[in-house]
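Worksheet for the structure shown next.
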Amino acid sequence: MTSAPAPPREAAGAQLRPVRLPDDLDALLRLEAAASAASTAYVHAQPKDARAFRAALVRRGAAEFGPPHARFVALPGAPAAGLLAVLDAPALARARLLTALAVRRGEVPLSAVVQGRMHRLGATLAPVEAGTAYLSRLAVAPEVAGRGLGRWLVAQAVDRARALDAAHLVVDVAADNARALALYESAGFTRLGGGTAHDGADGRAVSHVRLGRPVP
């Protein structure tokens, strides 16, 4: 049995812990915003609109990046130094269905324009098949950047996928995020495809690359 990856020396004492509501909501939304900046800029007119929408999803247990899937990186003196969320295919499908239902029922009100952008973005994402785990969110807080936590979190994601009995782990990365793409490729991920969502009304667009790797 493979042991869990040890944290880097620069981040001694790092460990994953569950995200607990309501106390952790602000930290969760801050880290989630960093992890999804490109898609947020495409879908929402203002960051505050994205925050309100995601807070509503978290409170309803409908967020793929929230409890019970989310884990914080806890460091001495920094209880929310990073964020990791990995889901198997059934959990991801359920979270996205709950999100769609919440929007359709008006529980998390969104304009027709925003809903259209969300639909176009979702249509570019390849489905996650049975036996595959999805790395939904990974973020490191700016104040602890440069300590190797990103690479450690990728290793933790692989370990989590193994615990979910997944044979593969996939992730969607913003196409212009060269640093993240290099991190994943250095960890054994290969490019599987991608897509671009356009808004014909104002010309905004967002592109992503899908990467994947086997889970040993």
Side-chain angles (χ1 to χ4, degrees), residues 25-26 28-60 62-66 69-70 82-85 87 89 92-93 95-129 132 134-142 145 150 154 169-186 189-212:
L25 180 61
D26 285 344
L28 173 63
L29 295 176
R30 174 173 58 89
L31 288 166
E32 196 281 330
S36 60
S39 59
T40 295
Y42 169 73
V43 172
H44 295 275
Q46 299 290 336
K48 66 179 182 180
D49 298 333
R51 180 183 174 90
F53 170 65
R54 287 167 176 156
L57 289 181
V58 171
R59 292 188 181 103
R60 286 165 174 78
E64 65 184 71
F65 54 85
H69 318 294
L83 172 66
L84 180 69
L87 301 82
L92 180 66
R96 290 183 174 175
L97 175 61
L98 290 174
T99 295
L101 289 174
V103 172
R104 188 179 307 164
R105 293 168 178 167
E107 297 170 2
V108 284
L110 292 175
S111 70
V113 170
V114 170
Q115 289 186 47
R117 291 178 189 146
M118 287 182 63
H119 178 74
R120 287 188 289 274
L121 178 60
T124 70
L125 300 176
V128 175
E129 300 176 349
T132 297
Y134 186 67
L135 175 44
S136 176
R137 299 292 192 279
L138 186 153
V140 174
V154 173
L169 175 64
V170 297
V171 61
D172 292 303
V173 179
D176 61 356
N177 193 339
R179 185 173 181 179
L181 290 170
L183 171 65
Y184 288 114
E185 290 177 332
S186 70
F189 286 76
T190 59
R191 300 191 184 206
L192 304 176
T196 301
H198 296 275
D199 186 335
D202 63 8
R204 72 174 66 191
V206 62
S207 298
H208 67 269
V209 177
R210 172 157 288 198
L211 302 99

Are Glu64 and Leu57 close enough, and set up right, to give a side-chain contact (heavy atoms from CB on, under 4.5 Å), and what steps lead you there?
-> CA-CA 9 Å; Glu64 65 184 71; Leu57 289 181; over 6 Å; no
Test Leu25 against Val58 for side-chain contact (heavy atoms from CB on, under 4.5 Å), laying out the working first.
-> CA-CA 8 Å; Leu25 180 61; Val58 171; 3.8 Å; yes
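- Salt bridge annotation for Asp26-Arg51: present, with a cationic side-chain nitrogen under 4.0 angstrom from a carboxylate oxygen.
- Atom CG of Leu29 is separated from atom CZ of Phe65 by 6.5 Å, given to the nearest 0.5 angstrom.
- Taking the side chain as every heavy atom from C-beta outward, Phe189 and Val154 approach each other to under 4.5 Å.
- Distance CG/Leu28 to CZ/Arg137: 9.5 Å, rounded to 0.5 Å.
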From CA spacing to verdict: side-chain contact (heavy atoms from CB on, under 4.5 Å), Leu83, Leu138 | CA-CA 5 Å; Leu83 172 66; Leu138 186 153; over 6 Å; no
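- Nearest heavy-atom pair across Arg204 and Ala41 is NH1-O, 3.0 Å.
- One distance of note links CG of Leu192 with CZ of Arg210; it measures 7.5 Å at 0.5 Å rounding.
- For Ala63 against His69, the heavy-atom pair with the smallest separation is O-CD2, 3.7 Å.
- Smallest separation of non-hydrogen atoms from Val171 and Tyr134: CA-CE1, 4.4 Å.
- In the model, Ser111 has no side-chain atom that pairs as donor or acceptor with a side-chain atom of Gln115 under 3.5 Å.
- At a threshold of 4.5 Å between non-hydrogen side-chain atoms, the residues Leu181 and Val209 count as touching.
- To the nearest 0.5 Å, atoms CG (Leu31) and CG (Leu84) are separated by 11.5 Å.
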Could you check Arg191 against Glu185 for salt bridge (Lys or Arg N to Asp or Glu O under 4.0 Å), going step by step and ending with a plain yes or no?
-> CA-CA 8 Å; Arg191 300 191 184 206; Glu185 290 177 332; 2.7 Å; yes
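- Side-chain polar atoms of Thr99 and Arg60 form no donor-acceptor pair below 3.5 angstrom.
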Applying side-chain contact (heavy atoms from CB on, under 4.5 Å), run through Leu125 and Arg96 and close with a yes or a no.
-> CA-CA 12 Å; Leu125 300 176; Arg96 290 183 174 175; 4.2 Å; yes
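- Among all heavy-atom pairs drawn from Ala95 and Leu87, the shortest one is CB-CD2, 4.5 Å.
- What you find for Thr40 and Ala50 is that their closest heavy atoms are CG2-CB, 3.5 Å.
- A donor-acceptor contact shorter than 3.5 Å links the side chain of Tyr42 to the backbone of His198.
- A distance of 8.5 Å separates CG in Leu211 from CG in Asp172, rounded to the nearest 0.5 Å.
- If you run side-chain hydrogen bond (donor to acceptor under 3.5 Å, both in side chains) between Ser207 and each of Thr196, Asp176, Thr124, only Thr196 comes through.
- The aromatic rings of His44 and Phe53 sit tilted, their planes meeting at an angle between 30° and 60°.
- Here the closest non-hydrogen pair linking Arg54 and Ser36 is NH1-OG, 3.4 Å.
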